[in-house]
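The sequence lines fix the lettering, A, B, ..., with proteins before strands; numbering per chain opens at 1.
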2 protein chains.
Amino acid sequence: MKRKPSTEATSAWIRLMRVQSRVLDCVEQDLKKAGFPPLAWYDALLELSRAPSGELRPVELERQMLIPQYSTSRLIDRLVDEGLASRRECKIDKRGQFVEITEAGRELQKRMWGAYSAAIEKYVGSKLSDADAVKLSGLLDRLGCSCGEMKLPPVANVNESSPSR
Amino acid sequence: MKRKPSTEATSAWIRLMRVQSRVLDCVEQDLKKAGFPPLAWYDALLELSRAPSGELRPVELERQMLIPQYSTSRLIDRLVDEGLASRRECKIDKRGQFVEITEAGRELQKRMWGAYSAAIEKYVGSKLSDADAVKLSGLLDRLGCSCGEMKLPPVANVNESSPSR
DNA sequence: CCTCATTTGATGCAGCTGCATCAATCTTGA
DNA sequence: TCAAGATTGATGCAGCTGCATCAAATGAGG
């Protein structure tokens with residue numbers, strides 16, 4: 001018989017689910033109300049804007065964002081449709097391609113960060129001291145490493161223009 | 001100009017998003033691999049099974065589960081289709097109806113709890129001491145109360161057959 | 001009693017997700 | 001060199017979500 005979780009663990013699980021979806025909803029709503037596209041678009045634009053030459057292979061984007069391949073493929077479709085990115089062929093590997101962020105894409109990413117960061121402050125920052133935020137991060141990390149790895153490169157100028165990852 | 005979140009808050013936000021989706025994915029996968037329906041079904045069955053007479057108004061279910069009205073309506077459709085619940089007309093309010101859990105529904109809920117609780121233990125319980133789970137719950141609660149209220153009735157016999165809420 | 005607002009639940013539509021699969025290309029190794 | 005396998009990316013299909021809206025019934029006020 002499998003061991004059962006303690007009430008403490010179960011309670012933490014439930015809160016993790018509920019609070020995350022609540023907070024995420026709030027943030028997404030704020031973005032939407034400000035006339036911006038979903039967070040996933042931001043994440044993709046951020047990754048692209050950070051890439052050395054503003055372009056990435058879809059496979060790279062996929063790995064960075066931790067989303068499935070088909071999801072990446074379609075997200076790129078939408079970004080391209082909106083003129084936020086463009087596809088370029090990859091000379092060295094004809095299977096592949098490069099996705100390059102456009103000027104409009106870079107600009108949208110920056111504008112979104114204004115609303116996004118305000119939302120993070122509103123729904124997270126203002127609720128926790130920095131010390132508590134660190135504690136929360138630490139506890140969450142203990143759960144996260146479970147089902148795969150999570151590379152979290154040195155959090156540098158997060159405040160400047162983007163959440164680090 | 002709106003205040004910007006600290007790097008600590010931003011980092012906590014990112015981890016909250018990533019860890020939750022990771023852990024939820026893992027749990028859902030375990031359930032699916034065991035041949036069970038999605039967690040939402042379990043939540044609904046649990047609420048129904050807890051109701052005094054095994055039945056609830058859709059509106060009640062909606063409030064308990066914190067999901068939108070149309071979502072409830074369709075979830076009930078699916079439960080009914082699978083014979084896990086049935087709709088009964090509501091004599092006193094002809095707009096409304098009652099949704100009653102069936103024997104099959106009760107049984108599925110119990111069987112799912114076996115797999116569900118094992119998954120919670122595997123992905124949460126085993127990663128945190130009870131004391132840390134309590135700390136995590138506490139920190140999460142500070143975020144949760146932000147965008148609405150969350151009634152969390154006294155967590156009683158969580159272990160017995162269900163996560164409390 | 002009658003009208004108007006509210007509550008309850010259903011549904012058409014568009015968009016997104018996951019799954020499975022496909023085609024094209026690249027890589028490996030005999 | 002060539003066949004088998006791996007990688008890269010796209011896509012058809014089904015299911016779920018959110019939005020807007022609808023119809024039916026109830027309730028509140030005049």
By side chain to side chain donor-acceptor pair (under 3.5 Å), which residues pair with [X], not counting sequence neighbours?
X: Gln97(B); value: Arg87(B)
X: Asp130(B); value: Ser6(A)
X: Ser129(A); value: Asp132(A)

- Message: What is the first contacted nucleotide of DNA chain D and what is the last, in 5' to 3' order, if contact means an atom lying under 4.0 angstrom from a heavy atom of chain A?
- Response: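 Listing 5' to 3', DNA chain D meets chain A from dT7(D) to dC19(D).
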Partner residues of [X] under the side chain to side chain contact (heavy atoms under 4.5 Å, CB included) criterion, sequence neighbours left out:
X: Met112(A); result: Leu31(A), Phe36(A), Pro37(A), Tyr42(A), Leu108(A)
X: Arg106(A); result: Ser49(A), Ile101(A), Glu103(A), Lys110(A)
X: Glu60(B); result: Leu56(B), Arg57(B), Arg63(B)

Please identify each residue that fulfils salt bridge (charged side-chain N to carboxylate O under 4.0 Å, His left out) with [X], with sequence neighbours left out.
X: Arg95(A); value: Asp93(A)
X: Lys91(B); value: Glu89(B)
X: Glu82(B); value: none

- Task: Specify the residues of residues 52-59 of chain A, ordered by number, for which at least one heavy atom lies under 4.0 angstrom from an atom of DNA chain D.
- Result: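 Nucleic-acid contacts, sorted: Arg57(A), Pro58(A), Val59(A).
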- Earlier contact from the 5' end, DNA chain C, for Pro38(A) and Arg95(A):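 Looking at the nearest nucleotide for each, Pro38(A) comes out on the 5' side.
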- Please report the C-alpha distance between Leu16(B) and Leu24(A) in whole Å, then the side-chain angles of each, then the deciding distance to 0.1 Å, and finally whether the side-chain contact (heavy atoms from CB on, under 4.5 Å) criterion is met. CA-CA 9 Å; Leu16(B) 178 59; Leu24(A) 177 57; over 6 Å; no
- Item | Contact nearer the 5' end of DNA chain D, comparing Lys32(A) with Gly96(A) |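 Whichever sits nearer the 5' end wins; that is Gly96(A).
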- Task: Could you check how far CD1 of Ile92(A) sits from C1' of dT25(C), rounded to whole Å?
- Result: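 Atom CD1 in Ile92(A) sits about 13 Å away from atom C1' in dT25(C).
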- Query: Which of residues 67-77 of chain B have a heavy atom under 4.0 Å from DNA chain C?
  - Reply: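 Within residues 67-77 of chain B, the residues near DNA chain C are Gln69(B), Tyr70(B), Ser73(B), Arg74(B).
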